[in-house]
Chemist: 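One structure, as structure tokens, below. Some questions next.
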Amino acid sequence: MANSEYEYVKREFEFDRRLPPSNWIVVRIDGCHFHRFSKIHAFEKPNDKNALRLMNDCATAMLKKFPDIVFAYGVSDEYSFVFREETEFYHRRESKILSLCVSYFTSVYVMKWKDFFPNKELKEPPYFDARAVCYPNLKTIRDYLAWRQVDCHINNQYNTCFWMLVKSGKSEQEAQLALKGTFAKDKNELLAQQFQINYDDEPAIFRKGSSVYREKVETTVKIDDYKNPIKRPQLKITVAHVDIIGPEFWEIHQDILRE
Ligand code: ATP
Ligand code: ATP
Ligand code: MG
Ligand code: MG
Ligand code: MG
Ligand code: MG
């Protein structure tokens, strides 16, 4: 309560870190011990589509809940949320932003679990960690997102090879050894020659990760007296599995990261 003799414990001991103004704020969350979590819930390896779709649905819920999130990018058990450069969300207080994001995401994950895994009991509570990083200009925020997508590509290519080798009878140790020191080209050749897989034909959700953003779409809002549809542009949240490293995506979607 205000003005009690104990009030000094707040005044003198609590310190709020405010994230610097005029920076995009990225909150990245990552599943804790999801190596284990994915094992005990028998996720398909290397990529369980339902688990990825559940993550994407949680990210969509985040954009609905927090309008200042302009873009999200997810892969595996992680998601990055980009807040617009001039956001005044909780006066840019770091602990508020982080704790709200990670707790809301986690709650939605638990609530929606049964929609994606109707026949799988949630055996232990999933939990996520979170960090916030600030990027001062368009180049650095674009490079941040490119860094995550390059990581997605490298990991997915490795994991695709690794699990094909394991599923063909190799031990995990043997598969690891077979891939040691190989380059991207070698991995593509291994997939083509041993398993008749063209890496580029793998689902885009695995290769490109998931991008979530708002898009203007013409929606029919009503039908007039002459049975003509009346259309208005409305913002719709879109999930896409596309390249965000090159300039093309950002040229088409210039509104997303406007400085
Ligand atoms: P930490 O707590 O340090 O993050 P972690 O076990 O979560 O540890 P990560 O580096 O975050 O390790 O890796 C995520 C793990 O979760 C990987 O082992 C990955 O195989 C698994 N995983 C996450 N999502 C999926 C999915 N959709 N399908 C299959 N496996 C998944
Ligand atoms: P903020 O988001 O700023 O925290 P708040 O609505 O959560 O807003 P608090 O000051 O945290 O506001 O107050 C918690 C509110 O939740 C109070 O209105 C209180 O009546 C209600 N509440 C919490 N726990 C209980 C409970 N066990 N029984 C009845 N009401 C509760
Ligand atoms: Mg993790
Ligand atoms: Mg991870
Ligand atoms: Mg409260
Ligand atoms: Mg700036």
Side-chain angles (χ1 to χ4, degrees), residues 1-4 7 10 14 16 18-41 43-49 51-56 58-59 65-68 70-107 109 126-145 147-160 162-163 205-211 250 254-259:
M1 287 288 133
N3 297 323
S4 79
E7 193 248 350
K10 179 173 175 67
E14 255 193 48
D16 272 332
R18 293 203 181 189
L19 296 167
S22 300
N23 276 255
W24 273 281
I25 298 169
V26 173
V27 173
R28 183 169 75 253
I29 63 158
D30 184 285
C32 292
H33 305 300
F34 260 50
H35 185 70
R36 180 189 141 83
F37 184 86
S38 63
K39 233 180 208 164
I40 69 165
H41 293 96
F43 281 11
E44 219 171 278
K45 289 291 178 180
N47 293 294
D48 188 296
K49 254 191 191 157
L52 294 174
R53 289 187 184 128
L54 171 55
M55 292 288 288
N56 294 346
C58 294
K65 181 80 182 165
F66 306 120
D68 281 3
V70 292
F71 190 80
Y73 178 72
V75 45
S76 179
D77 66 340
E78 73 167 60
Y79 241 103
S80 299
F81 297 98
V82 182
F83 283 78
R84 66 185 180 85
E85 198 180 18
E86 301 301 341
T87 183
E88 273 304 321
F89 189 53
Y90 281 87
H91 301 295
R92 303 176 78 95
R93 287 162 67 189
E94 181 179 33
S95 62
K96 283 277 187 190
I97 294 173
L98 281 180
S99 57
L100 288 166
C101 283
V102 75
S103 71
Y104 192 72
F105 189 96
T106 308
S107 290
Y109 192 98
Y127 60 122
F128 293 82
D129 66 28
R131 73 197 67 193
V133 184
C134 289
Y135 292 99
N137 50 43
L138 194 56
K139 176 178 164 33
T140 49
I141 186 67
R142 283 268 310 273
D143 285 352
Y144 169 81
L145 293 167
W147 172 55
R148 296 324 301 143
Q149 193 167 49
V150 167
D151 210 55
C152 167
H153 169 70
I154 292 170
N155 288 334
N156 188 60
Q157 206 185 25
Y158 180 91
N159 291 337
T160 306
F162 179 87
W163 286 102
I205 186 173
F206 302 163
R207 289 182 294 111
K208 300 291 180 195
S210 300
S211 297
W250 300 106
Q254 293 193 13
D255 289 350
I256 295 176
L257 297 179
R258 198 176 283 284
E259 271 186 306

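All values below come from the heavy atoms of this structure, side chains included, with hydrogens, waters and symmetry mates left out. As the structure is a computational prediction, the values presented were derived from the model and not from experiment. Each ligand, and each atom within it, is numbered from 1 in the order the structure gives.
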Chemist: Under 2.8 Å from the Mg ion (ligand 6), which protein atoms of type N, O or S occur, listed by chain and number?
Modeler: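 For the Mg ion (ligand 6), the protein N, O and S atoms that sit under 2.8 Å away are Ser22 O, Glu85 OE2, Pro136 O.
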Chemist: Please identify which of these residues, Val82, Val70, Ile25, meets the side-chain contact (heavy atoms from CB on, under 4.5 Å) condition with Thr87.
Modeler: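 In the set Val82, Val70, Ile25, the residue that makes a side-chain contact (heavy atoms from CB on, under 4.5 Å) with Thr87 is Ile25.
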Chemist: Phe37 pairs by side-chain contact (heavy atoms from CB on, under 4.5 Å) with which of His33, Lys39, His35, His41?
Modeler: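 With Phe37 as partner, His33, Lys39, His35, His41 yield a single side-chain contact (heavy atoms from CB on, under 4.5 Å), made by His41.
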Chemist: Compare all side-chain heavy atoms of Phe66 with those of Val27 and state whether any distance is below 4.5 angstrom.
Modeler: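 Answer no - side chains too far apart.
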Chemist: Is the Lys NZ or Arg CZ of Lys208 less than 6.0 Å from the centre of Tyr73's six-membered ring, within 45° of the axis?
Modeler: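 Checked: cation-pi criterion not met.
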Chemist: Calculate the angle formed at the Mg ion (ligand 4) by OD1 in Asp77 and OD2 in Asp30; 10° precision is enough.
Modeler: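 Taking the Mg ion (ligand 4) as the apex, the two atoms subtend 100°.
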Chemist: For a quick test of your reading: what N or O donor-acceptor pairs under 3.5 Å do the side chains of residues 126-138 make, sequence neighbours left out?
Modeler:
| from | atom 1 | to | atom 2 | distance (Å) |
| --- | --- | --- | --- | --- |
| Asp129 | OD1 | Asp30 | N | 3.4 |
| Asn137 | OD1 | Lys139 | N | 3.4 |
| Asn137 | OD1 | Thr140 | N | 3.0 |
| Asn137 | OD1 | Thr140 | OG1 | 2.8 |

Chemist: Do you know the tightest heavy-atom contact between Lys65 and Pro67?
Modeler: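 Heavy atoms of Lys65 and Pro67 come nearest at O-CD, 3.4 Å.
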Chemist: Taking both backbone and side chain into account, is any N, O or S atom of Glu78 nearer than 2.8 Å to the Mg ion (ligand 4)?
Modeler: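 It does not; every qualifying atom lies at 2.8 Å or beyond.
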Chemist: Could I get the full list of side chain to side chain donor-acceptor pair (under 3.5 Å) partners for Thr106, not counting sequence neighbours?
Modeler: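 With neighbours one apart ignored, the set is empty.
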Chemist: Give the protein residues with at least one non-hydrogen atom closer than 4.0 Å to an atom of ligand 2, ordered by chain and number.
Modeler: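 Contacting ligand 2 under 4.0 Å are no protein residues at all.
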Chemist: Would you mind telling me which of Arg92, Arg93, Lys10 makes a salt bridge (charged side-chain N to carboxylate O under 4.0 Å, His left out) with Asp16?
Modeler: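 Among the candidates, only Arg93 passes.
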Chemist: Which atom pair, heavy atoms only, marks the closest approach of Leu257 to Ile141?
Modeler: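 Looking at all heavy atoms of both residues, the closest pair is CD1-CG2, 4.1 Å.
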Chemist: Check whether any side-chain heavy atom of Asn47 sits under 4.5 Å from a side-chain heavy atom of Trp163, and report yes or no.
Modeler: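 A side-chain contact under 4.5 Å is absent here.
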